[in-house]
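Comments concern the structure below.
Just the heavy atoms: all of them, side chains too, but no hydrogens, waters or symmetry mates, feed the values below. Here the structure is a predicted model, which means the values were calculated and not measured. First the proteins, then the strands, lettered A, B, ... as listed; each starts at 1.
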4 protein chains.
Amino acid sequence: MDTNDPPADGRPPTKRPTARGRPFSQRTEQAIIEATTGLLAERPLSEISLDDIATQARVSKASIYRRWPTKGTLAFDAFMVDFLDRQPLPNTGRLEDDLLATLRNWVSAVDRTATGRALKGLIAEVQRDPALADAWRERFIGPVRARHLLLTERAKSRGELPPGADADLLLDILFGPAYHRLLHAHLPLDESFVRGVVRAIGAAIDAGVF
Amino acid sequence: MDTNDPPADGRPPTKRPTARGRPFSQRTEQAIIEATTGLLAERPLSEISLDDIATQARVSKASIYRRWPTKGTLAFDAFMVDFLDRQPLPNTGRLEDDLLATLRNWVSAVDRTATGRALKGLIAEVQRDPALADAWRERFIGPVRARHLLLTERAKSRGELPPGADADLLLDILFGPAYHRLLHAHLPLDESFVRGVVRAIGAAIDAGVF
Amino acid sequence: MDTNDPPADGRPPTKRPTARGRPFSQRTEQAIIEATTGLLAERPLSEISLDDIATQARVSKASIYRRWPTKGTLAFDAFMVDFLDRQPLPNTGRLEDDLLATLRNWVSAVDRTATGRALKGLIAEVQRDPALADAWRERFIGPVRARHLLLTERAKSRGELPPGADADLLLDILFGPAYHRLLHAHLPLDESFVRGVVRAIGAAIDAGVF
Amino acid sequence: MDTNDPPADGRPPTKRPTARGRPFSQRTEQAIIEATTGLLAERPLSEISLDDIATQARVSKASIYRRWPTKGTLAFDAFMVDFLDRQPLPNTGRLEDDLLATLRNWVSAVDRTATGRALKGLIAEVQRDPALADAWRERFIGPVRARHLLLTERAKSRGELPPGADADLLLDILFGPAYHRLLHAHLPLDESFVRGVVRAIGAAIDAGVF
DNA sequence: TCGTAACCGAGACGGTACGTCTGGTCTTTTT
DNA sequence: AAAAAGACCAGACGTACCGTCTCGGTTACGA
């Protein structure tokens, strides 16, 4: 494989190692990301072709493939820009309130929104593209999880959680049910759902489960 | 729409209303299901084409489309045959033990198995095919949920759960984290995970969350 | 190679050996040939894409590739339909007059005409596509030559040519200069050229060269 | 048009009018020509891309386009270097012997040789690139023809040809059949062919055709 | 028993997206 | 200002897949 191939593991397009030749134009990159974001707001990823993106961005397909190995990795990067900044980390001084704010915020970001549709499409794509799956774990699930672990660390330092608590389990119980309802749409992502999940976790904490 | 079109909502192929003409051959149907199951054991749904299935089953594509409207609905039916029977309903006399057996059983069915890969592929397909999404809710999530509600009903009659308990929330907290780890593969679906989830639910029950 | 691949040596699409499955539609084939002929009348082969042809014929690219392995072989077939019938075989009773009529007819068919442009484009394509080169020799040069050999055979039976005359050489001296001027356009394909070539051949016959 | 654009009509790259800035490196030019010649010896022009040439010559594509406007004109120049010097002008004192030597020499240069393949590829390219067609006539056909006209001029001064003889026709009858067999490969370019053509021309001369 | 409706396998059909390649131009750093 | 390197746009290429349609042929019911 050529050294100038795209990252292939889904890393975002960065500067090439050698500084020789014409560098990547950041205008091109930005146009691609913006076009992708715009199209993702209109329709699901599976109904967007790379030709659509190239046309919309007034860019050649080759310029896209130079940066991203698959449609999924591109959509992933476009999604990240949108999503991550909208997930502020609360700090109420009480874990249960932090979890409530976090989950409520997540729900409002994805429930029947363009972002939510993009997220569902991406999770679908992750199941069919192993390279994207790696990027997804390492560059989405991982960083998001790391941020959320700050909440449990603070709780530990406040004594709300024991020092050795299984924070990963706690966070999966927090988000797992939410992703479940998002993906299967069998029941609404409403306020009573959010409150119920968080109260269950609170009870589990009090009972020393984690 | 022609009366002889396939069910379109994903119902399994049944007898046509009028009995005139040559009836469906059940050998054909069986061959299709078997070929699909066999291919799903080898590789993900996204890498299986309908031509592959037709060739493998020594059947024409038209015979497939006569029965199932999309690849997803066929895969869905093939999956159901495999999956449902492997999910017996426990009856230990104690809710927490029932939940433990149920989740443990689910994990052993899907964790790094062909069934698990098929399930992931199907959930992906569900996100891109609205008709399949309906079938999925009505013919998979719904029935499975109905079976599991028997567990909570029994618990209610035993007094382990209050009569008005939100059993849907309870079940989403049970399965949500498991689907989460299945789809994102960020953490293992191991025994300690299963125990933790069930213990958390037990604590929530004791605290009267549901 | 699959038995249902296109002929690959450029034979025109005929009935598949096995009569199973949906047969080739001759309407489709006709539409493709007509579209190709129409486009060849407008612009040179090198500026016609298969997408153009497919769009013009209201046919999918796959339907074209099912029949012809390359653009050149398709253009070849389209050209043949146009060209061959326009080359009647004269029969004046005197070889030199037959040759004159034949060359004059060829010139009027190709000199600054759509057919001539198509012929030039095809000869160019023949140089870059070995499969087409075979087809060209066997299905164009060969048959045309065979027809022209009738002229020399008749001349032999009339005693105008000796029985063992090298008719191939004679015909190459007849057509070679004409193709030369067609392809290089360094001098006009005018009546004096035609007369000159034929008179030279006449002189060579009289001198017993052939 | 910029004064520093390449000749555009296919003239070979020469010194720029202004002597300012870094001068053309003749090593660059030589490397390009050598790479092109080398690649033309391996495979037909149509299978050689400008990227191939640039890579092979360790030169940038821009450096090529600075000198030649199209791939065809470059190949043309590379071909000329090879070809022209190999076509010495005979001077036997007798026209028919001169023609025989000339044609025999041409045949040995192109019959199943790398030069011959390059020539065929160039003629193909000429049909699709009008600018190259002009260059081809003016810088190849023209000069070569001019040289060959020396043969007929000498013959005229010796009285072998009448003063007003149509030498162009004569030369087209000499080379036309040869190009014909080269391009269509329907019959061999062998000695009997060469002799036959020349004898036919001899007979035509004797008969006063030209 | 015979007609007919609907099945059957095979595979062509139109349409669309893919990922690669090429030609010719442009942009950067280096010489 | 030319050089090498390589990104840029535009768009053709040949392949794959989808869901439908067409063919010759085969059941099995109902008249």
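For the side chain to side chain contact (heavy atoms under 4.5 Å, CB included) criterion with D:Ile53, the lone passing option out of D:Ile48, D:Val59, D:Ile33 is D:Ile48.
Remark: B:Glu34 does not engage B:Arg27 in a salt bridge, criterion side-chain N to carboxylate O under 4.0 Å. C:Asp52 has no carboxylate O lying under 4.0 Å from a charged side-chain N of C:Lys71, or vice versa, which leaves the two without a salt bridge. Remark: B:Arg139 does not engage B:Asp134 in a salt bridge, criterion side-chain N to carboxylate O under 4.0 Å.
For D:Ser49, taking side-chain heavy atoms from C-beta onward, the closest of the listed nucleotides F:dA5, E:dT22, F:dC9 is E:dT22. Ranking E:dC18, F:dC9, E:dC13 by closeness to the A:Tyr65 side chain, first place goes to E:dC18. Of the candidate nucleotides E:dG14, E:dC18, E:dA12, E:dA12 has the atom lying nearest to any side-chain atom of C:Phe24. When the nucleotides E:dC18, F:dC8, E:dA10 are ranked by their closest atom to the side chain of B:Ser60, E:dA10 comes out on top. For A:Ser63, the listed nucleotide lying nearest its side chain is F:dC8; candidates were F:dC13, E:dC13, F:dC8. Listed candidates were F:dA4, F:dG19, F:dC8. Nearest to the side chain of B:Thr70 is F:dG19. For A:Ala62, whose side chain is taken as the heavy atoms from C-beta onward, the closest listed nucleotide among E:dG14, F:dC13, F:dA10 is F:dA10.
The CD-C1' distance, from D:Glu125 to E:dG24, rounds to 14 Å in whole Å. Between B:Arg128 atom CZ and E:dT16 atom C1' the separation is 14 Å, expressed in whole Å. For the pair A:Ile64 CD1 and F:dA7 C1', the interatomic distance rounds to 14 Å; values are reported in whole Å. As a whole-Å value, the separation of A:Leu74 CG from E:dA17 C1' is 15 Å. With rounding to whole Å, D:Asp129 atom CG is found 8 Å from E:dG24 atom P. Atom-to-atom, CD1 of B:Ile53 to P of F:dC17 comes out at 12 Å; the value is rounded to the nearest Å. D:Ile32 has its CD1 atom 12 Å from the P atom of F:dA5, to the nearest Å. Put simply, NZ on D:Lys71 is 8 Å from C1' on E:dT22, counting in whole angstrom units.
OP1 and OP2 of E:dC26 both lie 4.0 Å or more from every side-chain N or O belonging to A:Arg27. For D:Arg66, a side-chain nitrogen or oxygen approaches OP1 or OP2 of F:dA3 to under 4.0 Å. Side-chain N/O atoms of C:Ser25 include none lying less than 4.0 angstrom from OP1 or OP2 on F:dT22. Put simply, C:Thr28 has a side-chain N or O that comes within less than 4.0 Å of OP1 or OP2 on E:dC13.
Residue-to-nucleotide contacts include no donor-acceptor pair under 3.5 Å from the side chain of C:Arg22 to the base of E:dC13. Contact of A:Lys61 with E:dG19 (side chain to base): a donor-acceptor pair of N or O atoms is detected under 3.5 Å.
In terms of the side chain to side chain contact (heavy atoms under 4.5 Å, CB included) criterion, residue partners of A:Ala54 (sequence neighbours excluded) are, by chain and number, A:Lys61, A:Ile64.
Each of C:Asp51 and D:Asp52 was assigned the nucleotide of DNA chain E with the nearest heavy atom; the assignment lying further toward the 5' end belongs to C:Asp51. Summary of the strand contacts: B:Ile48 and D:Ala54 both lie near DNA chain F, and taking for each the nucleotide with the nearest heavy atom, the more 5' one is attributed to D:Ala54.
Around the CZ atom of B:Arg58, the shell of radius 6.0 Å holds no more than 12 heavy atoms that belong to other residues, nucleotides or ligands.
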